[in-house]
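Taking it in order: structure first as structure tokens, then the write-up.
Note on naming: letters A, B, ... go to the chains in the order of the sequence lines (proteins, then strands), and numbering restarts at 1 for each one.
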Amino acid sequence: MDPTPAGRGTAAPAPADDRSTLTLHVNGTARTLTLDHRTTVLDALRQHLGLTGVKKGCDHGQCGACTVLVDGRRANSCLLLAVAHDGARVTTVEGLADGDRLHPLQAAFLERDALQCGYCTPGQICSAAGMLDEAAAGFPSHVTPPTADVPVGPAPLGADEIRERMSGNLCRCGAYPHIVRAIEDVAP
Amino acid sequence: MSHAPQPLGAPVVRREGREKVTGAARYAAEHAPPGCLYGWIVPAAVPKGRVTAVRTAEALALPGVHTVLTPDNAPRLEEPDDPVLAVLQNDRVPHRGWPVALVLAESLEAAREGADAVEVEYGTTDHDVVLTGDHPGLYTPEKANGGYPAVRERGDFDGAFAAAPVHIDATYTLGGLHNHPMEPHASTAVWADGHLTVHDSSQGSTVVCESLAQILGIDRDRITVVSEHVGGGFGSKGTPRPQAVLAAMATRHTGRPVQLSVPRRFMPALVGHRAPTVQRVRIGADRDGVISALAHEIATHTSTVKEFVEQAAVPARVMYSSPHSRTVHRVVPLDVPSPSWMRAPGEASGMYALESAMDELACALGLDPVELRLRNEPADEPDSGRPFSSRNLTACLDEGARRFGWYDRDPAPASRQEGPWLLGTGVASATYPVLLSPSAARAHAAPDGSYRIGVNATDIGTGARTVLAQIAASALGTAQENVRIDIGSSDLPRGSVAGGSSGTASWGTAVHRAATALAGRLAAYDGPLPAEGVTATADTTQEAAQKSPYARHAFGAHFAEVAVDSVTGEVRVRRLLGVYAAGRVLNSRTARSQFLGGMVMGIGMALTEGSTMDPAYGDFTERDLASYHVPSCADVPDVQVHWIDEEDPHLNPMGSKGLGEIGIVGTAAAIGNAVRHATGARLRSLPLTPDKVLPYLP
Ligand code: FES
Ligand code: FES
């Protein structure tokens, strides 16, 4: 049977009042884009900048696969609207290595086999990078012992701290024990 | 080339690891052909009925919306072998979430808005979605999944059970479980110059290619399906899925490339699930714990679309000597999404019940549960009478007990407490069959001394590239670095699906044969090779069809220590050890990760993963990762994995058994048995969430 199309909508992009021009500083390079207001930072990176190292696991802030660093802090990029982040500095997994030299976390993940399918891996690594900075800055976690000093000093990172702080990044392949060891290798 | 050959088993780092840690590895939805349209499925919003009208005008008027395919206007397909692929072919709604339209638009945002704007009217009829052990619609099918007979009887179960001095009669209930690989199912399809290319998130692109050829009625040679990197599957990508058909249909229809990802919340309806089971286990034994009678009877559901029967009673045919035995599967078709494979279908669910019942028997006898299992080791496979090619369950139990410090326990329940925590330990056995599927491979030697292997294997996270290079290198007597491996495309020699823990054995046998043939051919050359190099091929179709005179299975033992919070009812796994006898381990680094991954999924099955069928709404209640709780990092302790060297000459040229599934088998039972030891409460349904545990605590 010859298929007939149900019809055609207009192929034009969304009208101008639904779009804005903004600049994201991605892995050190300013990228100016005109985007639909509904476009998330995740889709801006994946669809518009070709940075597909950033993964989409749920699009709803439930899995951490889309974790990137925004102005130095880890964030689920699927929950951020790009239009609200004009001028933000974004670091993705593609921006971590120094040329051919892997970031220490990347090298540790490889060495510890802290991945299987690899789909959660960029988010895990970005999350770990952000987490190490948070700990160095003295942010407590749920398992940090209560202390009179607020803010706490640099939090020591035992396995329990790493597990707790990395629990926003799901890994269905179950690589967690190796992920924890890889991060321990890099943690001060 | 300077690398020295390494023995099979060496912990070679996975080949694509660098691409994965740098973000360079591309998955199915990460190909962006110019002019691509984005698809969004409109899922059925009723559990049962017919589509009476689809109104698309409003959607088509939205900026960016290009086309809406509906049952009225979608291209007609040939009838697929798997009816879940017959999408948009008629007005029938067999369950909630069944695709009733597909919106194609210039952007993801427009496609999603378009899907919201499609108005669908339904005529509904009463639905029935809840499995019970005595559902009137239950019938006995001929076969269960895997081709196993649904019913097996040996001896006189009823008589032997009645005569046995010690009885266990217990019913265990498991809800549905969802695979939820981290990469949602996705396809990017391009129809150009009469050739269809599909990047598909699949566990086997040869099968997807052949299915698409049949369904679309086009020649297989005009289709290429690529699954280069796949973000997990756990069975849900083991069969072709609707997104591949929809994307292929849509690109052919529009003449534009089409990308279609399944949103996370749509996955439970579209990509299969582990069917719920109600499992009755009866064991009759003497006072020394020797089993005389064993029955395992399963009730499960399937959809009205196709019959899929979770083969949960099959492990009882393998595990323990049981002169009188009955194993039965019954199934009822409900208005639910079609169940399918999820990591160790049958074994994972069935061994939860069987291994819990064994623990109940040990408790009833006052016998150590490890000792009980040792006393029921069969000489031959109970069901078939065939000898085992190798069976080292005893060694796994002994070694595991030693490493775990098992015998330090006081067997009395609720005998250990640490502040608010009740502590306990549990054990369970594991088993998984050795399967082999036909595959083909090509091996090529170049004049510069390098080799190239082609086989359509799929790496879903197992490290297939790496282990196949090791297998080829070992047959060629070279270092694995000298071997290039091409996998993940249906243009390569036919490969079987990455499923049933059979990938390495199946592709590996073909690779070994091709490489061995190549080595033989190379021996004939004295001087340099011809410029075009030398090639050899192998096809294991005949070899794989041969029936082995042996019963071939991997075995394992799981030991768990849990802490149960007496205030909240929360269960935490403190220690988990798996010891396996799975033939020869071909890469100790990637093997460990596979075992570990199975055990982590077993923690989820035991403690966190719960899916309920809402009888009124007519669908799973927990459809996303916020409500369906796969284990997170904090749920998982430092899991220990160990294996026993096993020489088994009756398997394949590498001597390997599969590793991908056995880790989940028995883990949930070990944890459940540990909870019983910690608290004294025997809970017979999973997951052991605080609300279930708390009422039983002092
Ligand atoms: S994709 Fe952003 S959290 Fe899952
Ligand atoms: S490596 Fe597959 S989900 Fe983490």
*Given that the side chain runs from C-beta out, which part of B:Arg26 has a heavy atom under 4.5 Å from chain A: side chain, backbone, both or neither?*
side chain
*To the nearest 0.5 Å, how far apart are CD in A:Gln116 and CG in B:Leu596?*
8.0 Å
_Part of B:Ala29 within contact of chain A (heavy atom distance under 4.5 Å)_ = both
*Sole candidate of B:Arg264, B:Arg265, B:Arg112 that passes side chain to side chain contact (heavy atoms under 4.5 Å, CB included) when paired with A:Asp59*: B:Arg112
*asked:* Would the distance check show the side chain of A:Tyr176 and the main-chain N or O of B:Val600 forming a donor-acceptor pair, the cut-off being under 3.5 Å?
replied: no
*Any idea which of B:Pro263, B:Gly461, B:Gly663 has the most non-hydrogen atom pairs under 4.5 angstrom with chain A?*
B:Gly461
_Between the side chains of A:Arg46 and B:Glu30, is the shortest nitrogen-to-carboxylate-oxygen separation below 4.0 Å, so that they form an ion pair?_
yes
_B:Ala634 to A:Ser167 - nearest heavy-atom pair and separation_ = N-OG, 2.8 Å
*Is there a side-chain contact between B:Ile460 and A:Cys117 (heavy atoms, below 4.5 Å)?*
no
*For B:Phe595, is it the side chain, the backbone, both or neither that has a heavy atom under 4.5 Å from a heavy atom of chain A?*
neither
*Give, for atom CZ of A:Arg172 and atom CG of B:Asn179, the distance between the pair rounded to the nearest 0.5 Å.*
7.5 Å
*asked:* Taking side chain as everything from C-beta outward and backbone as N, CA, C, O, which of these in B:Ala626 sits under 4.5 Å from a heavy atom of chain A? Side chain, backbone, both or neither.
replied: both
*Could you have a look at B:Glu113, B:Gln594, B:Arg592, B:Glu183 and say which one has the most heavy-atom pairs with chain A under 4.5 angstrom?*
B:Glu183
*Determine whether A:Leu115 and B:Arg14 make a side-chain contact, defined as any pair of heavy atoms from C-beta on separated by less than 4.5 Å.*
yes
*asked:* Would you say that A:Pro177 contacts B:Val636 through its side chain, given a criterion of any heavy-atom pair below 4.5 Å between the two side chains?
replied: yes
*Which of B:Met267, B:Glu16, B:Glu609 touches chain A most, by non-hydrogen pairs under 4.5 Å*: B:Glu609
*Give, for atom CG of B:Asp638 and atom CZ of A:Arg181, the distance between the pair rounded to the nearest 0.5 Å.*
4.5 Å
_Options B:Ser632, B:Cys36, B:Pro11, ranked by heavy-atom pairs under 4.5 Å with chain A, top entry_ = B:Ser632
*asked:* Can you tell me which of B:Gly463, B:Ala24, B:Pro637, B:Ala57 forms the most heavy-atom pairs within a distance under 4.5 Å of chain A?
replied: B:Pro637
_From CD (B:Glu109) to CD (A:Gln47), nearest 0.5 Å_ = 8.0 Å
_Straight-line distance of B:Ser593 OG to A:His178 NE2, nearest 0.5 Å_ = 5.0 Å
*B:Met182 to A:Cys63 - nearest heavy-atom pair and separation*: CE-CB, 3.5 Å
_B:Thr590 portion near chain A, given a 4.5 angstrom heavy-atom threshold_ = both
_Are more than 12 heavy atoms, taken from residues, nucleotides or ligands other than A:Asp100, located less than 6.0 Å from that residue's CG atom?_
no
*Please look at A:Arg165 and chain B and tell me whether the side chain, the backbone, both or neither of the residue comes under 4.5 angstrom of a heavy atom of that chain.*
neither
*Rounded distance [0.5 Å steps], CE in B:Met601 versus SG in A:Cys173*: 7.5 Å
*With respect to chain B, which residue among A:Gly53, A:Gly174, A:Gly168 yields the maximal number of heavy-atom pairs within a distance under 4.5 Å?*
A:Gly174
*Among B:Val54, B:Asp624, B:Val639, who wins on heavy-atom pairs under 4.5 Å with chain A?*
B:Asp624
*What part of A:His142 lies closer than 4.5 angstrom to a heavy atom of chain B: side chain, backbone, both or neither?*
neither
*What part of B:Asp459 gets closer than 4.5 Å to chain A, counting heavy atoms only: side chain, backbone, both or neither?*
neither
*Taking the side chain as C-beta and beyond, is there a heavy-atom pair between A:Ile125 and B:Val21 under 4.5 Å?*
yes
_Please identify, among A:Leu170, A:Ile162, A:Asp160, the residue contributing the most non-hydrogen atom pairs under 4.5 Å to chain B._
A:Leu170
*Do other residues, nucleotides or ligands put more than 12 heavy atoms under 6.0 Å from the CD atom of B:Glu58?*
no
*Who among A:Thr40, A:Asp43, A:Leu51, A:Leu102 has the most heavy-atom pairs with chain B under 4.5 Å?*
A:Leu102
